[in-house]
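What you see is a predicted model; the values in this text were computed from it and never measured.
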Amino acid sequence: MKSENKIELKGKVLKALPGGRFLVEVNGKHKVTAHIAGRIRKFFIQVMAGDMVKLEISPYDPTKGRIIYRYYDENESIEEDLKEKEDES
């Protein structure tokens, strides 16, 4: 699938599931089952419950996704939101 078709969202990891999957809450109400991208596994980046992450979701099945980035602290994700808003205006 082309990368233009993917939807990127931010979410919070609720809990770890078997098989390297995670339950992630997006926009405070939707829950998505997500697995870790290979790049994150390659560099041994650990994802735990409570972490803020960036997800890539297919428009064809919005209940499943892939974790493509883990924010190191909540301030980092807030700063990124502010930069995106400034770029839009």
Side-chain angles (χ1 to χ4, degrees):
M1 180 182 296
K2 294 181 181 179
S3 61
E4 302 107 37
N5 295 339
K6 306 255 170 114
I7 302 167
E8 285 190 7
L9 298 171
K10 293 177 189 150
K12 186 173 185 176
V13 177
L14 297 178
K15 70 177 187 177
L17 301 172
R21 296 190 177 271
F22 295 89
L23 186 64
V24 181
E25 185 178 36
V26 181
N27 297 332
K29 51 188 165 187
H30 299 288
K31 293 183 181 170
V32 177
T33 304
H35 67 275
I36 298 177
R39 185 179 59 174
I40 294 177
R41 279 194 185 160
K42 179 180 176 182
F43 293 107
F44 301 106
I45 297 171
Q46 295 192 1
V47 178
M48 295 185 275
D51 286 346
M52 295 296 292
V53 294
K54 186 186 288 187
L55 295 171
E56 199 173 69
I57 298 174
S58 168
Y60 302 109
D61 187 5
T63 62
K64 295 182 180 148
R66 179 170 50 178
I67 297 172
I68 57 172
Y69 186 79
R70 179 184 146 251
Y71 293 106
Y72 291 99
D73 58 6
E74 280 193 35
N75 294 334
E76 183 181 2
S77 70
I78 293 170
E79 289 172 4
E80 189 175 281
D81 287 338
L82 293 175
K83 286 181 186 176
E84 287 176 4
K85 287 180 184 176
E86 287 176 3
D87 291 341
E88 290 174 1
S89 33

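To the nearest 0.5 Å, the span separating CG on Leu9 from NZ on Lys54 amounts to 10.5 Å.
Taking hydrophobic clusters as Ile, Leu, Val, Met, Phe, Trp and Tyr residues chained together by side-chain heavy-atom distances below 4.5 Å, Ile7 shares a cluster with Phe22.
Listed here is the closest heavy atom pair of Ala49 and Lys15: CB-CA, 4.3 Å.
With sequence neighbours left out, Lys10 forms a side chain to side chain contact (heavy atoms under 4.5 Å, CB included) with Tyr71, Glu80, Asp81, Glu84.
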May I have the list of side-chain donor-acceptor pairs in residues 25-47 shorter than 3.5 Å, sequence neighbours left out?
{"unit_1": "His35", "atom_1": "ND1", "unit_2": "Gly65", "atom_2": "O", "d": "3.3"}
{"unit_1": "Arg39", "atom_1": "NH2", "unit_2": "Ile68", "atom_2": "O", "d": "3.1"}

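Counting heavy atoms from C-beta outward, Ile67 and Leu55 have side chains that approach closer than 4.5 Å.
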